[in-house]
Visitor: 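One structure coming up, written as structure tokens, with questions to follow.
Atoms considered below: every heavy atom in the structure, side chains included; atoms not considered: hydrogens, waters and symmetry mates.
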Amino acid sequence: MLLIFFIPLFSDTLVDRLHKTIKDEYPSINISSINIDKPDDLPSNFNEFILKEIILLNLRDDSGAFRAIYITPNKSNKSIFFNFKIDFKLQVLIAKRDIDRDHILNLGDYEQKFVNLKDYDKQALTSIPKYQLITKSKIKRGKILTNRHFKTLSDVRKGDKITAVINDGSLKVEIIVTALSDGNIGQIISVRNQNNQILKAQVINKNQAIIK
């Protein structure tokens with residue numbers, strides 16, 4: 001549950017926009033509370049300002065700063081700087097054991113944990129992968145799993161011979177083609193037929209595609 005504390009002078013919009021800005025930069029973040037400090041030099045007509053944009057300046061384990069750009073009553077832009085207190089954790093996947101190179105990642109290899117910002121890696125895996133992943137190097141137990149550690153184990157690999165289906169009205173023709181790139185189910189890849197023609201095909205399973 002997100003608990004938000006703020007000076008009554010501030011609108012919900014400011015807090016909501018700050019939350020969204022942080023979430024956009026750190027998608028796996030779980031924010032418990034945000035407390036925006038009131039600047040000492042707010043303009044007397046601040047309540048008439050319209051919030052245009054928020055720029056996150058820095059974020060630490062328990063605090064941060066941002067610049068809010070407002071449209072004033074005379075239609076000019078004005079920047080106001082805010083500090084805030086924050087309580088949050090970042091979700092990541094962590095290796096439960098040592099993992100060898102060229103290993104296909106499975107559910108028993110990792111667990112979901114929350115870490116502090118100082119331990120976070122922006123390339124960290126934060127949820128169960130949608131595609132099969134294979135390790136590019138050894139990973140030690142307790143390490144945060146990142147995109148740098150893996151390559152995708154595609155449903156169709158470059159050089160694979162697969163069946164391609166051509167639908168022409170009521171006529172259905174199957175031919176053997178060679179995949180010219182890796183691809184997963186639903187993706188469109190280039191294939192070459194036995195006449196050396198290059199065609200586009202959508203992968204429907206590990207052994208078959210439909211010519212587009």
Visitor: Side chains of Leu93 and Ser127: closer than 4.5 Å at any heavy-atom pair?
Guide: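 Contact flag for Leu93/Ser127 side chains = no.
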
Visitor: Assess whether side chain to side chain contact (heavy atoms under 4.5 Å, CB included) is satisfied between Lys151 and Leu133, documenting all intermediate values.
Guide: CA-CA 6 Å; Lys151 57 185 176 182; Leu133 300 177; over 6 Å; no

Visitor: Using only atom types and a distance under 3.5 Å, with no angle test, would you say the side chain of Asn184 pairs donor to acceptor with the backbone of Asp155?
Guide: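 Flag set: sc Asn184 to bb Asp155 pair under 3.5 Å.
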
Visitor: Contact between Asp160 and Thr178 at the side-chain level, heavy atoms closer than 4.5 Å - yes or no?
Guide: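 Not touching, per the 4.5 Å side-chain cut-off.
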
Visitor: Do Ile86 and Ser33 have side chains that approach each other closer than 4.5 Å (heavy atoms only, starting at C-beta)?
Guide: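 Side-chain contact under 4.5 Å: no.
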
Visitor: Do you know which two heavy atoms are closest between Glu53 and Arg17, and how far apart they sit?
Guide: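 So the two residues come closest at CA-NH2, 3.4 Å.
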
Visitor: Any salt bridge between Lys20 and Asp16, counting N to O under 4.0 Å?
Guide: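 Not counted as a salt bridge, because no side-chain N and carboxylate O are separated by less than 4.0 Å.
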
Visitor: Is there a side-chain contact between Ile80 and Tyr70 (heavy atoms, below 4.5 Å)?
Guide: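 Yes, at least one pair of side-chain atoms sits under 4.5 Å.
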
Visitor: Taking atom CG of Leu18 and atom CZ of Phe84, what is their separation to the nearest 0.5 Å?
Guide: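 These two atoms lie 5.0 Å from each other.
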
Visitor: Which donor-acceptor pairs under 3.5 Å do side chains of residues 112-121 form with protein atoms, sequence neighbours excluded?
Guide:
from	atom 1	to	atom 2	distance (Å)
Asn116	OD1	Lys89	NZ	2.7
Asp121	OD1	Gln123	N	2.8
Asp121	OD2	Arg148	NH2	2.5

Visitor: Can you list everything that forms a side chain to side chain donor-acceptor pair (under 3.5 Å) with Thr163? Sequence neighbours excluded, please.
Guide: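 Side chain to side chain donor-acceptor pair (under 3.5 Å) check on Thr163 returns nothing, list empty.
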
Visitor: CD1/Ile99 to CG/Asp109 distance, rounded to the nearest 0.5 angstrom?
Guide: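 Rounded to the nearest 0.5 Å, the CD1-CG separation comes to 4.5 Å.
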
Visitor: Report the hydrophobic cluster partners of Ile55, with the cluster defined as I, L, V, M, F, W, Y residues connected by side-chain heavy atoms closer than 4.5 angstrom, directly or transitively.
Guide: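 Joined to Ile55, directly or through intermediates: Leu57, Ile69, Phe81.
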
Visitor: Over all heavy atoms of both residues, which pair between Ala68 and Leu14 is shortest? Give the atoms and the distance, please.
Guide: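 Of all heavy-atom pairs spanning Ala68 and Leu14, the closest is CB-CD1, 4.3 Å.
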
Visitor: Is Phe66 linked to Leu51 within one hydrophobic cluster, defined over Ile, Leu, Val, Met, Phe, Trp and Tyr using a side-chain heavy-atom separation of less than 4.5 Å?
Guide: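 The answer is yes; both residues are in one hydrophobic cluster.
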
Visitor: In terms of hydrophobic clustering (I, L, V, M, F, W, Y; side-chain heavy atoms under 4.5 Å; direct or indirect links), are Leu145 and Leu107 co-clustered?
Guide: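 They do share one cluster, since a chain of ILVMFWY contacts under 4.5 Å joins Leu145 to Leu107.
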
Visitor: Look up atom CD in Glu174 and atom CD1 in Ile210, then write down how far apart they are to the nearest 0.5 Å.
Guide: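 Here the rounded value is 10.5 Å.
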
Visitor: Counting only heavy atoms from other residues, nucleotides and ligands, does the tally under 6.0 Å from CG of Asn74 exceed 12?
Guide: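 Enclosed: over 12 neighbouring heavy atoms sit under 6.0 Å from CG of Asn74.
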
Visitor: Find the distance between NZ (Lys38) and CZ (Phe82) and round it off to the nearest 0.5 Å.
Guide: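 Going from the NZ atom of Lys38 to the CZ atom of Phe82 covers 10.5 Å.
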
Visitor: Given 3.5 Å as the limit, does a donor-acceptor pair link the side chain of Asp98 with the main chain of Arg141, or not?
Guide: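 Checked: pair present.
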
Visitor: Regarding Lys78 and Thr72, is there a side-chain donor-to-acceptor distance under 3.5 Å anywhere?
Guide: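 There is no such pair (donor and acceptor under 3.5 Å, judged by atom type) between the side chains of Lys78 and Thr72.
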
Visitor: Looking at Gln197, is its backbone amide N or carbonyl O close enough to the side chain of Asn195 to form a donor-acceptor pair, meaning the two atoms are under 3.5 Å apart?
Guide: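 Checking the backbone N and O of Gln197 against the side chain of Asn195, no donor-acceptor pair under 3.5 Å is found.
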
Visitor: For Gly183 and Ser154, which heavy atoms make the closest approach, and how far apart are they?
Guide: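 For Gly183 versus Ser154, the nearest heavy atoms are O-CB, 3.6 Å.
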
Visitor: I need the minimum non-hydrogen distance between Val92 and Ala124, along with the two atoms involved.
Guide: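 Heavy-atom minimum between the residues: CG1-CB, 3.8 Å.
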
Visitor: Tell me whether Lys158 at atom NZ has more than 12 heavy atoms from other residues, nucleotides or ligands lying less than 6.0 Å away.
Guide: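 Count not over threshold, so no.
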
Visitor: Does Ile188 sit in a hydrophobic cluster with other residues, and if so which ones, taking ILVMFWY side chains as linked at heavy-atom separations under 4.5 Å, directly or through other members?
Guide: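 Taking Ile, Leu, Val, Met, Phe, Trp and Tyr as members, Ile188 stands alone, with no cluster partners.
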
Visitor: Would you call Lys143 and Ile94 a side-chain contact if the rule is heavy atoms closer than 4.5 Å?
Guide: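 Not in contact.
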
Visitor: Leu180 vs Ile198, test: side chain to side chain contact (heavy atoms under 4.5 Å, CB included). Steps then yes/no.
Guide: CA-CA 9 Å; Leu180 299 181; Ile198 296 177; 4.0 Å; yes

Visitor: Looking at Gly186, is its backbone amide N or carbonyl O close enough to the side chain of Gln202 to form a donor-acceptor pair, meaning the two atoms are under 3.5 Å apart?
Guide: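 Checking the backbone N and O of Gly186 against the side chain of Gln202, a donor-acceptor pair under 3.5 Å is found.
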
Visitor: Do the side chains of Asp182 and Arg157 get close enough for a salt bridge, i.e. N-O under 4.0 angstrom?
Guide: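 A salt bridge is present here (some side-chain N lies under 4.0 Å from a carboxylate O).
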
Visitor: For the residue pair Thr135 and Arg101, confirm or rule out a side-chain donor-acceptor distance under 3.5 Å.
Guide: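 Side-chain D/A pair, Thr135 to Arg101: absent.
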
Visitor: Treat each ILVMFWY residue as a node, draw an edge where side-chain heavy atoms are under 4.5 Å apart, and state whether Ile34 and Ile54 are in one component.
Guide: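 Same cluster.
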
Visitor: Taking the six-membered ring for Trp, are Phe88 and Tyr26 ring centroids under 6.0 Å apart?
Guide: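 When the ring centroids of Phe88 and Tyr26 are compared, they turn out to be at least 6.0 Å apart.
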
Visitor: Are the side chains of Leu105 and Pro129 in touch, meaning some heavy atoms are under 4.5 Å apart?
Guide: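 Yes; the side chains approach each other to less than 4.5 Å.
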
Visitor: Closest heavy-atom contact between Lys200 and Ser190?
Guide: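 Heavy atoms only, the tightest pair is NZ-OG, 2.9 Å.
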
Visitor: How about NZ on Lys23, more than 12 heavy atoms from neighbouring residues, nucleotides or ligands closer than 6.0 Å, or not?
Guide: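 Enclosed.
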
Visitor: Is Asp62 salt-bridged to Lys85, going by a charged N under 4.0 Å from an acidic O?
Guide: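 Between Lys85 and Asp62 there is no salt bridge, as every charged N stays at least 4.0 Å from the carboxylate O atoms.
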
Visitor: Less than 4.5 Å apart, side chain to side chain, heavy atoms only: is that true for Ser63 and Asn83?
Guide: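 Result no, sub-4.5 Å side-chain heavy-atom pair not found.
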
Visitor: Quick one: does His103's side chain have a donor or acceptor within less than 3.5 Å of a partner on Asp100's backbone?
Guide: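 No; judged by distance alone, with no hydrogens or angles, the pair does not exist.
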
Visitor: Hydrophobic cluster membership, with links at side-chain heavy-atom distances under 4.5 Å among I/L/V/M/F/W/Y: are Ile29 and Val15 in one?
Guide: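 Yes, Ile29 and Val15 fall within the same hydrophobic cluster.
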
Visitor: Quick check for you: to the nearest 0.5 Å, what is the distance between Phe49 atom CZ and Ser76 atom OG?
Guide: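 Separation between the atoms: 7.5 Å.
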
Visitor: Are any of the side-chain heavy atoms of Leu56 and Ile22 separated by less than 4.5 Å?
Guide: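 With C-beta onward as the side chain, the pair touches.
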
Visitor: Could you list the residues that satisfy side chain to side chain donor-acceptor pair (under 3.5 Å) with Lys122, not counting sequence neighbours?
Guide: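 Glu25.
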
Visitor: Same cluster for Ile36 and Phe46 if Ile/Leu/Val/Met/Phe/Trp/Tyr side chains link at under 4.5 Å?
Guide: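 Cluster IDs for Ile36 and Phe46 match.
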
Visitor: Under a single-linkage rule joining Ile, Leu, Val, Met, Phe, Trp and Tyr whose side-chain heavy atoms are separated by less than 4.5 Å, which residues share a cluster with Val156?
Guide: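 Reading the cluster by chain and number, Val156 sits alongside Ile162, Ile166, Leu171, Val173, Ile175, Val177, Ile185, Ile189, Val191, Leu199, Val203, Ile211.
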
